[in-house]
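Naming convention: chains lettered A, B, ... in sequence-line order (proteins, then strands); numbering from 1 in each chain.
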Number of protein chains: 2
Amino acid sequence: MSPVACAACPLRKRTIFTPFTAEEVVFMQKFKVGELSVDRGTTILMEGSNSPQLYTVLRGQGIRYKTLENGRRQVINFLFPGDFAGLQAGLMGEMKHSVEASSDMVLCVFDRGELWQMFRAQPGRAYDLTWISAVEEHFLGETIASLGQRDATQRVAWALLRMYERLSAVGLAVEGAVPLPFRQQDLADALGLSLVHTNKTLARLRELQLLNWRDGRLHIPARSELAKLALVDLEKPEIRPLM
Amino acid sequence: MSPVACAACPLRKRTIFTPFTAEEVVFMQKFKVGELSVDRGTTILMEGSNSPQLYTVLRGQGIRYKTLENGRRQVINFLFPGDFAGLQAGLMGEMKHSVEASSDMVLCVFDRGELWQMFRAQPGRAYDLTWISAVEEHFLGETIASLGQRDATQRVAWALLRMYERLSAVGLAVEGAVPLPFRQQDLADALGLSLVHTNKTLARLRELQLLNWRDGRLHIPARSELAKLALVDLEKPEIRPLM
DNA sequence: CGCGGGGTATGTCGCAGTTAAATGCGCGCG
DNA sequence: CGCGCGCATTTAACTGCGACATACCCCGCG
């Protein structure tokens with residue numbers, strides 16, 4: 001059965017940051033897999049283009065977004081180490097979204113055309129990918145629920161809390177702070193709010209000492225009630241102070 | 001390479017409604033795959049439960065939803081022939097969403113535990129599943145964009161148009177009408193709108209002869225400008241009449 | 001027959017969230 | 001040095017959408 005633990009990159013079965021094994025190097029060569037380093041601000045995938053590459057994030061953060069017909073931008077999700085990108089357009093055809101590096105990034109790249117060969121040679125990779133897709137889909141579902149049913153405060157709290165936990169789990173927390181190199185506009189576009197309102201909400205959360213996000217680093221105090229806030233409906237009077 | 005056309009069910013490489021081939025029957029037995037018929041209203045998957053089964057829809061429609069902490073419900077997507085359900089919870093663990101039959105349904109069922117064996121024996125299935133996931137993910141991304149950036153009218157227009165096209169493509173359109181056995185409340189919960197507001201929006205779209213949804217059947221007039229409406233921003237004066 | 005429940009249809013009102021516009025602040029650059 | 005530019009912040013005025021209330025329709029049921 002071998003229920004592989006979250007294997008983010010086809011190259012890595014274990015965790016994100018381990019060095020390559022000899023076996024993995026052979027695999028890399030066979031399937032034309034390589035590493036790619038990009039600078040902050042680089043557009044890795046562009047909507048409308050026809051990229052034959054797939055990526056997994058090894059280090060750094062990025063955002064995956066889509067530009068609508070009316071010019072507005074929707075950030076679909078944020079990319080962290082372990083995430084996958086490039087599949088969304090289907091197994092072929094042009095990309096339906098863009099990916100941009102919010103910090104310097106290191107990516108694991110391989111060819112979409114090799115996927116079929118890879119699955120045949122290594123069914124375990126297919127299993128990994130299915131797993132990753134399932135988790136990804138789960139989070140997209142959560143996001144939909146957030147956009148559809150929660151108010152601004154809950155959305156902001158939920159999003160930041162989730163990112164915080166996600167990055168902490170990968171060991172990126174330093175003294176209770178985690179790197180989050182996004183602009184407030186990125187967060188606003190992800191949550192379907194205006195920049196102004198996002199800002200106000202952040203200010204309130206900061207006042208209440210529920211979180212602190214400055215200079216690209218997010219800090220959440222030890223006994224922060226943020227989790228409650230993100231989940232519980234604000235109707236509840238005991239949480240009400242938030243407004 | 002064999003870029004398999006959208007193979008909805010592990011049992012069917014071609015289209016949705018073809019009968020099983022002898023080869024497929026052998027496959028069914030080997031991997032303990034079966035068919036399941038359920039009545040309208042049946043809850044197929046329940047959030048919190050621990051179902052070991054995966055499903056693909058062969059016939060009928062359903063909704064996949066999630067109940068939030070505050071009691072509100074978010075419909076994540078609607079299920080049509082060809083759609084996949086049951087994976088979202090990850091490859092194991094309890095379901096994070098529920099699935100309910102909106103009409104009588106016929107499902108293709110198989111065991112999550114067989115997935116690994118199946119992938120090993122038939123890499124093509126893994127490829128299919130990856131494809132399906134990619135398409136699914138694409139639509140979830142679209143939904144997120146809709147919830148985040150579009151107003152009520154655009155959301156309703158977009159959602160109904162998409163379903164209409166989807167079902168037409170599978171040949172379910174009869175005289176320009178397509179079966180859509182959902183309540184307005186379901187649509188509202190999917191779009192993050194109140195029932196009342198959804199209703200009013202539908203009324204306006206009906207007045208403008210852009211669509212007609214009655215008695216579980218959706219009709220869209222041949223030269224309906226619905227598509228424009230769903231995509232173009234209402235700022236444009238020529239579309240403005242809608243308000 | 002009357003009664004109740006589920007779904008649909010409309011009107012009014014208030015607030016959360018939007019749009020617009022202006023200020024401050026740090027940084028790279030001619 | 002001072003100008004421009006990206007980003008964060010703040011204030012003020014407007015509005016889309018949700019909450020609530022009410023009414024209608026169809027159908028099954030005692």
Euclidean distance, atom [atom1] of residue [X] to atom [atom2] of [N] [Å, nearest integer]:
{"X": "A:H197", "N": "D:dC14", "atom1": "NE2", "atom2": "P", "value": "18 Å"}
{"X": "B:D186", "N": "C:dG6", "atom1": "CG", "atom2": "P", "value": "14 Å"}
{"X": "B:D215", "N": "D:dC25", "atom1": "CG", "atom2": "C1'", "value": "12 Å"}
{"X": "A:D151", "N": "D:dC17", "atom1": "CG", "atom2": "C1'", "value": "14 Å"}
{"X": "B:N212", "N": "C:dT8", "atom1": "CG", "atom2": "C1'", "value": "14 Å"}
{"X": "B:L193", "N": "C:dA9", "atom1": "CG", "atom2": "C1'", "value": "17 Å"}
{"X": "B:E207", "N": "C:dT8", "atom1": "CD", "atom2": "P", "value": "18 Å"}
{"X": "A:Q154", "N": "C:dA16", "atom1": "CD", "atom2": "P", "value": "13 Å"}

Judged by modelled atom types alone, do A:Q149 and B:D189 share a side-chain donor-acceptor pair under 3.5 Å? no

With distance as the sole criterion, is a donor-acceptor pair present between the side chains of A:E47 and A:T67 under 3.5 Å? yes

Scan nucleotides 7-12 of chain D against the protein and return all N/O pairs shorter than 3.5 Å with their distances rounded to 0.1 Å.
residue : atom : partner : partner atom : Å
D:dC7   : OP2  : A:R183  : NH1          : 3.3
D:dA8   : OP2  : A:Q184  : N            : 3.3
D:dT9   : OP2  : A:Q184  : NE2          : 2.3

When all nucleic acid strands are considered with a 4.0 Å heavy-atom cut-off, which category describes A:G216: base, sugar-phosphate, or nothing?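 Contact class for A:G216: none.
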
Any sub-3.5 Å donor-acceptor pair from A:Y164's side-chain atoms to A:G176's backbone N or O? yes

Evaluate whether atom CZ of A:R40 has more than 12 neighbouring non-hydrogen atoms of other residues, nucleotides or ligands under 6.0 angstrom away. no

Taking ring-ring contact (aromatic ring centres under 6.0 Å, His included) as the cut-off, I'd like each qualifying pair that reaches into residues 48-69 of chain A, sequence neighbours left out, listed once.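 For residues 48-69 of chain A: none.
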
Ignoring backbone atoms, test whether B:R150 places a side-chain nitrogen or oxygen under 4.0 Å from the OP1 or OP2 oxygen of D:dG16. no

Report the residue from B:Q184, B:Q185, B:R204 that forms a side-chain hydrogen bond (donor to acceptor under 3.5 Å, both in side chains) with B:N199.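 With B:N199 as partner, B:Q184, B:Q185, B:R204 yield a single side-chain hydrogen bond (donor to acceptor under 3.5 Å, both in side chains), made by B:Q184.
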
